[in-house]
Every structure is written in C-alpha cells, then in structure tokens.
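Counting begins at 1 with the first residue of the sequence. Order of appearance sets the numbers: ligands from 1, and atoms from 1 within every ligand.
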Amino acid sequence: MIALSPTLQARLSTPLKIGSFEVKSRVLQSPLSGVTDLVFRRLVRRYAPDSMMYTEMVNATGLHYVKQLPKIMEIEANERPISIQLFDCRPDFLAEAAQMAVREGADTVDINMGCPVNKITKNGGGSSLLRQPEVAEAIVREVVKAVDVPVTVKTRIGWNDREITIIDFAKRMEDAGAQMITVHGRTRAQGYNGAAKWEWIAKVKEVLTIPVIGNGDIFSVEAAVKCLEVTAADGVMCSRGTLGYPFLVGEVDHFLKTGQLLAPPTPVQRLECAREHLQALWEYKGDRGVRQARKHMTWYAKGFSGAAELRGQLSTIETVNQGLEIIDKAIAQIADSVLIEEDNLAFV
Ligand SMILES: Cc1cc2nc3c(=O)[nH]c(=O)nc-3n(C[C@H](O)[C@H](O)[C@H](O)COP(=O)(O)O)c2cc1C
C-alpha cells in the first residue's frame with residue numbers, strides 16, 4: 001500500500017517552474033534514443049497530458065553540417081510541453097542547434113551531459129562533459145545566450161565511483177544559467193547497472209535553487225514516491241520503466257495529484273497499445289518503422305501466459321500486417337482464455 005504524505009502532496013501540488021516556463025506535472029518522460037519519437041510520445045501523452053516529454057538526443061554537429069531537420073527532432077503541432085535534447089561538445093554548434101530547436105517549437109532545450117556510450121564520449125559529448133566542467137559551463141552559457149527558452153541539463157552523478165563530481169558540477173551548471181537539472185543517480189562507469197544512488201540527488205537538491213529532477217530506477221509509482229521522499233527532488237523522470245509501458249508517467253502523475261492508484265492495464269489493453277504503436281510507427285516511418293517496432297513489441301509482450309512465444313514471433317516481423325496479425329491472434333487467445341476461466345467459475 002503506497003501512501004502519499006500530506007507534506008509531499010503539498011510540496012508537489014504547485015506547477016514545476018523551469019525558469020519562466022510552467023509545467024503542470026512533476027513527472028517527466030525521459031529522452032530515450034531510439035524510443036521517444038513523436039509516435040511514442042503521443043502514447044505517453046494520452047495518459048500524461050501535463051507531463052514534459054523529450055525528443056531523442058540530437059547531434060548538434062550533424063545539424064550544423066546538414067542544416068535540415070532530422071526526423072528525431074520533429075514535434076507535432078500542439079505537442080506541449082516538449083523539450084528537444086541536444087548533445088555535442090561545441091558551444092557554438094549547440095547554440096545554433098538550440099535555435100533550430102526553438103524554431104521547431106521546443107519549450108525548453110536540454111543538453112545531454114550523461115550519455116555513457118563510447119561513440120559519444122570519445123568525441124567529448126554526453127557524460128564526458130562531467131570531466132570537462134569548463135566546457136560544460138561554456139556550453140550552457142552560449143546556449144542560454146542564443147535562445148529565449150529555458151535551457152536545462154541532464155547528467156549523471158560522476159564518471160565513476162572515485163569521481164563523483166555532481167555537487168560541484170551541478171552548481172556550475174546553475175551558475176552558468178541552466179534553469180533545471182535532471183540527475184540520473186548512476187556514474188558513467190555504471191552504465192545502467194547497479195542501483196541508482198538517489199542519495200546523491202538529495203545532496204544536489206540541498207545546494208541548488210533551480211529545480212532538480214530525480215532519475216534512475218523509477219519503474220513504478222511506489223519507486224517514484226520513494227525517490228521523491230528520499231531526495232526531496234522537485235520531480236521525477238521515468239525512463240526504462242516506460243519501455244513497452246507508456247502508461248507509467250500517467251500512473252505516477254495521477255497518484256501524485258490524487259493519492260489514488262490507477263488500475264494497471266490488462267494484458268489485452270497492453271497488446272492493443274502495442275498494435276496501435278506498430279501501426280503508427282509504420283505510418284510515420286514506413287518499413288524502417290516496422291523494424292524499429294520489433295523491440296517495442298517485445299517489450300509490450302510481458303506478464304501473461306504465452307508471452308515468451310509471442311516475443312519470439314514479434315521480434316522478427318517483416319511487415320506491418322504480419323505484426324498486426326500476430327498481435328490480433330494473441331489478443332483473441334487471451335480473450336478466449338478469460339472466457340474459459342469464467343465458464344469454469346460458473347461451475348464452482
Ligand atoms: C534505450 C535507452 C536510450 C536512452 N537515450 C537517452 C537519450 O537520448 N538522452 C538521455 O539523456 N538519456 C538517455 N537514456 C538514459 C535515460 O534517459 C535514463 O537517464 C536512464 O535510463 C536511467 O533511468 P532508469 O534507471 O529509470 O532507466 C537512455 C537510456 C536507454 C535505456
């Protein structure tokens with residue numbers, strides 16, 4: 001049984017203020033490369049209309065040379081609140097990219113200073129900025145000068161256990177003009193392993209005046225509440241918990257606003273959502289969308305009998321119709337098994 005303490009509810013009942021921009025929810029959907037395209041965000045937003053969403057991270061150097069909008073930077077008309085996330089190590093390219101983001105309609109611009117992937121860090125971007133705080137500061141200053149929307153930063157607690165530098169780093173970001181910081185409670189060396197160290201998020205919250213968002217291991221409403229209690233953060237950001245489960249942000253938001261738990265979606269409702277996701281990815285990206293949908297489909301197919309076999313089938317779909325047929329069959333099978341169970345109950 002999860003309880004929402006009156007103190008926590010009172011603390012979170014006001015809008016989240018990101019500089020001059022106000023968001024009516026304290027729960028955010030994280031940027032997830034290869035996942036948070038506008039199709040996914042549309043699904044999340046259905047259940048969490050007030051929440052801030054993020055695009056996948058966009059390479060500022062790429063934008064500088066190509067000078068046209070990549071698909072991952074597209075946002076829908078009236079899709080708000082929305083942040084475009086950028087990564088790079090060049091303040092000038094990031095400033096230019098931020099201006100493109102604002103032209104596209106971003107309410108805030110977020111700078112990725114947490115990505116652990118080698119391809120990104122070896123070029124000086126993502127979490128390697130934790131080791132170059134002066135560059136990170138210069139980035140924030142340049143981007144703040146270039147745009148009139150709030151600039152935010154998403155980062156980790158440090159490079160590794162011997163270099164947990166987040167307190168100094170976060171302070172520097174605030175001093176440079178960042179209007180909010182999201183702290184993923186892991187080091188770069190941890191990748192996505194081990195528990196997120198929320199205690200560091202609490203320490204950051206103690207020293208900053210801008211909003212601090214807690215991130216890492218928010219897989220349930222319970223975890224979100226715990227993180228908010230432990231860290232005193234101004235909000236929480238859900239990440240892997242939303243893979244195949246675009247309901248999570250809405251569930252947490254609803255609980256924080258009402259103290260009531262929503263009924264979780266049934267396996268059929270999850271598969272219907274998977275069906276819609278597949279169809280929409282295909283309409284938006286064609287065959288490439290179907291290939292991208294494979295991983296999403298396997299994430300949805302969990303928690304009911306026959307799910308493992310279904311995942312196997314969905315992981316190799318070649319066409320949208322093939323995928324839809326497989327899902328429809330699975331939905332019919334689950335519906336049948338529920339009917340059989342109900343028939344049996346009639347004889348009890
Ligand atoms: C598949 C995947 C893609 C990600 N892409 C991004 C990204 O584009 N930008 C970013 O800031 N973080 C990215 N992250 C990190 C998450 O936003 C989040 O910080 C991390 O997963 C920790 O939260 P969790 O433990 O709740 O998953 C990604 C993580 C995963 C698993």
Tell me whether [X] is salt-bridged to [Y], with the criterion being a basic N under 4.0 Å from an acidic carboxylate O.
{"X": "Lys145", "Y": "Glu142", "value": "yes"}
{"X": "Asp161", "Y": "Lys197", "value": "yes"}
{"X": "Arg46", "Y": "Glu276", "value": "yes"}
{"X": "Lys171", "Y": "Asp175", "value": "yes"}

Open item on the list: Are more than 12 heavy atoms, taken from residues, nucleotides or ligands other than Lys24, located less than 6.0 Å from that residue's NZ atom?
Closed with: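 Not buried by this count: 12 neighbours or fewer within 6.0 Å.
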TODO: Please list, by chain and number, the protein residues whose heavy atoms come under 4.0 Å of ligand 1.
DONE: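 Residues Ser30, Pro31, Leu32, Ser33, Met57, Gln85, Asn112, Lys154, His184, Arg186, Tyr192, Asn215, Gly216, Asp217, Ile218, Ser239, Arg240 each place a heavy atom under 4.0 Å from ligand 1, listed by chain and number.
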- [ ] Scan residues 3-22 for pairs that pass side chain to side chain donor-acceptor pair (under 3.5 Å), counting only residues two or more places apart or in two chains.
- [x] Thr14-Arg26
